[in-house]
Amino acid sequence: KQEVTQIPAALSVPEGENLVLNCSFTDSAIYNLQWFRQDPGKGLTSLLLIQSSQREQTSGRLNASLDKSSGRSTLYIAASQPGDSATYLCAPLGSGGSNYKLTFGKGTLLTVNP
Amino acid sequence: GAGVSQSPSNKVTEKGKDVELRCDPISGHTALYWYRQSLGQGLEFLIYFQGNSAPDKSGLPSDRFSAERTGGSVSTLTIQRTQQEDSAVYLCASSLQRMSTEAFFGQGTRLTVV
């Protein structure tokens, strides 16, 4: 059974800082891994999708890396802004057997202070 | 439509009543997922559809829960004889195909059982 852990659970930083969010997963049999953000009371917004054959994916100030064999992914946010404040979730998509779904961690609650 | 649409956005129901939650995926998306997010908890997988078929219904928490998808498009999640522990946000997601493509989430239905 896939298990996903996100560290830290919460993070508070001043505006302008670069930061790293960590995600680890127990089953490396995945098709891809997706990073989402969730604002309070809202649904999930997709940020980045990394295929299992890729090691990195970039979108604007966001950069996600994937080390499939060691079961780790990181999300790097450059020059953080107050608008980045949200909960960030990672979700690997399983590729085999009964592990065919997106499995979510509990997320990292990010607060960027002006 | 432009995105995944869920209705209603909010539902308050009395304990013991049945409720139906609706999900309209992005046009042409064959894969559809239902998740549940309880207060302070992570996202719990409920069911996955590929086309109109649900390969595995074991994520549904009890036999009071059922889901169907018709015409490879709209999906309905039905909860019979609702209980207070069913109170949660129910999220729907769709993707073009299960493998290798990005999943997009709706804004969710907030269900409150009183």
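Letters A, B, ... mirror the listed sequences (proteins, then strands); counts begin at 1.
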Subject >> Approximate separation, where rounding is to 0.5 Å, of A:T45 OG1 and B:Q107 CD >> reply: 7.0 Å
Original post:
A:Q34, A:K106, A:Q38: which one forms the most heavy-atom pairs within less than 4.5 Å of chain B?
Top reply: A:Q34
Subject >> Pairwise distance OG1(B:T101) to CG(A:L49) - rounded to 0.5 angstrom >> reply: 7.5 Å
Original post:
So what's closer than 4.5 Å to chain A heavy atoms on B:E44: side chain, backbone, both or neither?
Top reply: neither
Original post:
Hey, what do you get for OG (B:S95) to CG (A:L102), rounding to the nearest 0.5 Å?
Top reply: 7.5 Å
**OP:** Would you kindly confirm whether B:L91 and B:Y48 end up in one hydrophobic cluster when ILVMFWY residues are joined by side chain heavy atoms under 4.5 Å apart?
**Re:** yes
**OP:** Answer yes if A:L110 and A:L62 sit in the same cluster of Ile, Leu, Val, Met, Phe, Trp and Tyr residues linked by side chain heavy atoms under 4.5 Å apart, and no otherwise.
**Re:** yes
Original post:
Around atom CD of B:E14, are there more than 12 heavy atoms of other residues, nucleotides or ligands at under 6.0 Å?
Top reply: no
Original post:
Do A:K101 and B:F45 meet the cation-pi criteria used here (NZ or CZ under 6.0 Å from the six-membered ring centre, within 45° of the axis)?
Top reply: yes
Original post:
With hydrophobic residues grouped by side-chain heavy-atom distances under 4.5 Å, do A:V13 and A:L47 end up in a single group?
Top reply: yes
Original post:
Out of curiosity, does B:V113 fall in the hydrophobic cluster containing B:L77 (side-chain heavy atoms, cut-off under 4.5 Å, transitive links)?
Top reply: yes
Original post:
Are the ring centres of A:F104 and B:Y35 closer than 6.0 Å?
Top reply: yes
Original post:
Quick check: are there more than 12 heavy atoms from other residues, nucleotides or ligands sitting under 6.0 Å from CZ of A:R61?
Top reply: yes
**OP:** Would you mind telling me which of B:G106, B:G42, B:A103 has the largest number of heavy-atom pairs within less than 4.5 Å of chain A?
**Re:** B:A103
Original post:
Passes side chain to side chain contact (heavy atoms under 4.5 Å, CB included), B:L43 versus A:L44? Steps please.
Top reply: CA-CA 11 Å; B:L43 277 86; A:L44 277 66; 4.2 Å; yes
Original post:
What about B:I47 and B:V19, same hydrophobic cluster or not, with Ile/Leu/Val/Met/Phe/Trp/Tyr joined at side-chain heavy-atom distances under 4.5 Å?
Top reply: yes
